[in-house]
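Scroll down for the structure; my scribbles are underneath it.
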Amino acid sequence: MIQISFILNGKKVKLETDENRRLIDILREDFSLTGTKEGCSIGECGACTIIMNKLAVNSCLVLAGQLIDSEILTIEGVSENGKLNVLQENFLKYGAVQCGYCTPGMIMSIYALLLKNNNPADEEIKEAIAGNLCRCTGYKQIIDAARATADTDMITDLSQ
Amino acid sequence: MSTKFIKSKFWVEDIKEEMMAEVPISVVEPWQKDKELKYVGKPESRKDAYDKVSGTAEYTFDKSFSQIAVAKTLRSPYPNAVIKKIDVSEAIKNKNVLGILTPDNCKDNDWYSGTSKLLDKKVRYNGDEIACIVAETEQDAEEALRLIKIEYEILPHVTDLEKAKLDTAAKINDHELKPREYNRGNLEEGLKEADIIVEDKFSTSVAVHNPLEPHCSVVKWDGEKLLVFDSTQGIWAVRDTVASQLGIPASNVRVIKKYMGGGFGGKLECGKYTVMAALLSKKIGRPVKIVLDRKEMNQAVGNRPSSVQELKIGAKKDGSITAISHNAYGTAGAFPGSAGCSWPARSLYKCPNMKLVDTTYYINAGKDRPFRAPGHVQGTFAFESIIDEAAEKLGMDPIEFRVKNFTAVDPDWNGPYTSKLLREAYIAGADKIRWKENRKKAGFGGGIVKTGYGMASQIWWGGGAPPSYAILKLNWDGSAELVSGTQDIGTGTYTILAQIVAEVLEIPTRKINVVLGDTGVCPFGAMSGGSMTAPSVGPAARDAAEKMLSKLKSAAAAILELSEDKLEYSEGVFSSKDDRSKTADFSKLFGHFREGVLVTQGAREANPEGYAINTFGAQFAKVDVNTLTGKVCVKHVVAAHDIGRVLNRKTLNNQFHGGIMMGLGFALLEERVIDNYTGKLLTTNLLDYKLPTIIETPEIDVIIVSEEDNKVNNIGAKGIGEPAMIPTAGAIANAVYNAIGVRIKDLPITPDKVLNALASKNN
């Protein structure tokens with residue numbers, strides 16, 4: 001068992017847990033943050049993507065020990081008081097959602113991209129979600145939603 | 001009596017179903033073509049989108065209860081074996097292990113049409129279920145599984161389709177599957193009449209559904225009553241299988257499916273895992289969750305059968321087809337299933353003489369399940385490839401050849417179609433991709449990267465059928481709730497049903513809540529498969545809404561003391577045609593009722609007699625083929641389809657884009673690989689089983705050439721889930737040929753096949 005503390009969706013949290021536990025399990029089981037999904041368990045599908053220290057990572061590949069003093073953002077931390085973030089709104093508006101299982105991961109990957117680049121080229125958007133699999137919708141509408149968000153002032157929205 | 005019973009006959013997933021259905025006697029007329037609709041057809045955002053983008057949507061995978069225990073399945077490492085002895089003594093020593101099911105202590109229930117058991121001592125593929133352990137945690141369960149000691153008698157196996165055909169092949173079941181044969185006219189005579197004959201052989205891989213949400217169930221007993229949360233496309237199938245497997249009344253089983261991460265046919269039937277979880281949960285008196293991992297997903301819960309297709313077509317100089325021969329075989333795994341794929345050859349074109357034979361062989365592998373347009377995806381690839389070969393031999397343009405053989409009636413029984421705008425689809429698609437200007441002779445272009453254009457046609461059922469029912473509850477405040485026992489598996493059913501009710505009652509969709517996927521509260525609704533859902537449940541929703549409007553009108557007439565024909569209705573308000581000051585809105589009407597909610601039940605009407613009901617379309621592909629690397633890059637796909645009325649353009653686009661990407665995956669990437677020597681599955685994860693990503697995504701255009709189909713049902717709509725995928729692989733394969741002048745006849749078209757084909761062409 002190890003003691004760890006980290007920032008989760010803006011709040012400092014402390015936890016005693018087994019070293020070998022995966023971040024996805026900690027999020028889903030210890031914090032009931034089930035918006036982060038599991039699809040493949042080997043870092044191939046991207047359904048479990050979260051933002052760790054401003055980078056998009058697969059939470060199935062992060063172990064408890066790596067969390068010490070990190071800053072974690074999950075899909076639940078993207079909207080505030082039930083109000084959707086502009087990127088989430090655009091997923092709705094551009095029809096970038098079908099079954100929705102890959103959606104939180106997609107949003108987190110694009111969110112991470114927009115954090116470091118508020119005017120990405122389409123190729124950069126594609127690269128950002130190249131590790132996120134969608135089996136229902138295809139990807140076109142997801143690019144549209146990302147593009148529209150980049151074209152707004154999302155970055156101010158993010159920094160709040 | 002406002003309803004009657006009929007024998008409803010319809011095609012679903014390649015099987016002709018016949019079931020009794022209660023249908024309305026007085027049938028609601030479809031909306032007229034020129035009627036301007038306020039809600040139906042509009043690109044409304046999905047009703048469930050907030051939940052999905054915010055992360056609050058609770059999938060079966062997310063479901064939990066206090067005291068929940070976790071079950072995991074032990075699966076056979078061998079492709080064919082008999083279990084001599086199972087020793088679980090070590091496995092159950094850990095106090096965290098709560099219960100275990102093995103063939104020794106499990107009910108001796110039949111599975112797979114009686115060819116196997118829920119847990120069978122004869123295991124027939126690498127992945128076949130042997131035992132199931134429930135423990136405090138997943139880790140406890142997995143560790144315990146490893147401690148089960150099993151003595152196997154290992155039997156010879158066969159996983160290679162060609163070897164499975166031989167008499168010497170290992171026996172998997174005590175019977176063979178019967179070939180399916182279809183004859184029309186006289187094949188030999190037809191071939192004699194032909195001026196040209198083309199003959200070729202094609203093959204396709206086994207593909208696996210691989211929805212992103214794994215198959216999973218969460219079960220909880222409350223006394224004798226069982227609550228099942230399941231990631232399923234068919235709540236009724238799960239309810240009835242669980243009830244009969246457990247020997248309890250169906251009314252004691254309540255199956256709920258709220259949100260679900262994809263199915264594609266693989267989740268149409270009840271899985272063993274659900275039954276095992278229910279048995280273990282009963283045993284330990286605690287809720288149980290069972291989730292399949294990605295390896296199990298690829299082994300044990302269905303696939304698209306492989307195919308080898310020998311095709312021969314005869315045609316006259318003027319282009320008319322005189323004969324079609326299609327001899328297809330494939331494998332559907334170790335249990336009864338069907339690898340049949342000759343439907344496109346039977347139904348796409350006019351042809352007086354044909355012989356079609358479909359044979360399915362057993363191999364030691366996981367059983368097939370319906371997979372987005374069973375048979376049609378692989379059948380269309382091969383058939384539309386040889387159609388292109390025939391056109392080329394005749395010196396005709398592929399579209400011209402197809403139009404020449406267009407049939408205005410179902411060629412099987414000469415019945416008219418409710419609608420068929422296939423020629424319109426050819427024109428619209430060809431126009432969009434600039435077919436005439438862009439498409440050159442096969443292999444024409446120079447350079448390393450060669451560009452090609454190809455197309456393929458599509459036929460499928462998809463008109464829907466009874467039985468499907470919907471209950472509508474209208475509240476005092478003008479809000480409404482529509483309840484139906486179908487499922488929204490991501491396709492947009494919640495949204496389109498709300499739009500249909502909104503259209504009739506003229507209330508905004510935000511005031512309409514749609515409740516689906518709960519056998520405890522819903523009337524029966526169609527399974528989510530076969531492109532059946534929208535055209536089956538949508539008309540039932542409209543029927544319920546029209547009945548509600550009639551009911552309200554009757555009430556308004558009584559309250560206003562006017563005859564009904566003196567009343568008109570608009571957006572929640574009845575008013576007198578003669579005296580505008582006489583009005584009654586919902587609150588006024590409900591002020592006179594004791595109850596705060598009015599209820600109606602609607603039903604899907606009978607299908608029209610004497611018509612064939614099908615969807616049609618054509619897809620066009622532009623590809624770049626790199627002749628040095630062998631890589632095929634799809635640049636553009638144009639989909640032009642006749643699907644009746646568009647219910648929601650946004651959800652329609654999702655379905656088409658998704659279907660085209662799945663077709664692209666089947667054409668270029670996806671392939672289940674089994675090592676024939678050991679019989680073990682090699683593609684056990686999403687790294688080895690390749691799904692298309694954003695990198696493979698081409699430009700996609702979706703054109704709907706139909707405005708409505710006014711014969712098919714009261715909403716004029718047909719299903720689109722399967723039509724969207726059917727012609728994609730054929731169009732891509734034809735485009736690859738057009739690019740490099742050599743045909744790849746085996747899917748997926750991987751770089752090695754392209755390079756080998758180019759090398760053999762150059763030699």
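We use all heavy atoms of the structure for the numbers below, so side chains are in, but hydrogens, waters and symmetry mates are not.
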Between the side chain of [X] and the main-chain N/O of [Y], is any donor-acceptor distance below 3.5 Å?
| X | Y | value |
| --- | --- | --- |
| A:Gln88 | B:Val53 | yes |
| A:Arg135 | B:His209 | yes |
| B:Lys650 | A:Lys93 | yes |
| B:Tyr259 | A:Gly100 | no |
| B:Arg46 | A:Gly95 | no |

Given heavy-atom pairs under 4.5 angstrom as the criterion, report whether the side chain, backbone, both or neither of [X] touches chain A.
| X | value |
| --- | --- |
| B:Pro698 | neither |
| B:Asp293 | neither |
| B:Ile695 | side chain |
| B:Phe656 | neither |

request  = Quick one: which residue pairs count as a side chain to side chain donor-acceptor pair (under 3.5 Å) with a foot in residues 691-704 of chain B, not counting sequence neighbours?
outcome  =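 Every side chain to side chain donor-acceptor pair (under 3.5 Å) pair that includes a residue of residues 691-704 of chain B, provided the two are not neighbours, is B:His636-B:Asp701, B:Thr693-B:Glu696.
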
Side chains of B:His657 and A:Gln98: closer than 4.5 Å at any heavy-atom pair?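 SC-SC contact between B:His657 and A:Gln98 ruled out.
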
>> So A:Tyr101 and B:Phe61, do their side chains get closer than 4.5 Å, heavy atoms only?
In response: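 B:Phe61 reaches A:Tyr101 side chain to side chain.
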
| Qualifying residues under side chain to side chain donor-acceptor pair (under 3.5 Å), relative to B:Ser217, sequence neighbours excluded |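 By the side chain to side chain donor-acceptor pair (under 3.5 Å) rule, B:Ser217 matches B:Asp230, B:Thr274.
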
* B:Ile700 vs A:Lys140, side chain to side chain contact (heavy atoms under 4.5 Å, CB included): CA-CA, chis, key distance, verdict -> CA-CA 8 Å; B:Ile700 295 173; A:Lys140 166 77 169 40; 5.6 Å; no

Distance col, row B:Ser54:OG vs A:Asn85:CG, nearest 0.5 angstrom, shows 11.5 Å

Residue set satisfying ring pair (Phe, Tyr, Trp, His ring centres under 6.0 Å) with A:Phe91, at least two apart, ordered chain then number -> none

| Checking A:Ile107 against chain B: side chain, backbone, both or neither under 4.5 Å from a heavy atom? |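 Just its side chain gets close to chain B.
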
> Considering heavy atoms only, which positions within residues 36-60 of chain A lie below 4.5 Å of chain B?
Replying inline: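 Under the 4.5 Å heavy-atom cut-off, A:Lys37, A:Glu38, A:Gly39, A:Cys40, A:Ile42, A:Glu44, A:Cys45, A:Ala47 qualify.
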
- So, B:Glu138 and A:Arg28, do they make that salt bridge, N to O below 4.0 Å? no

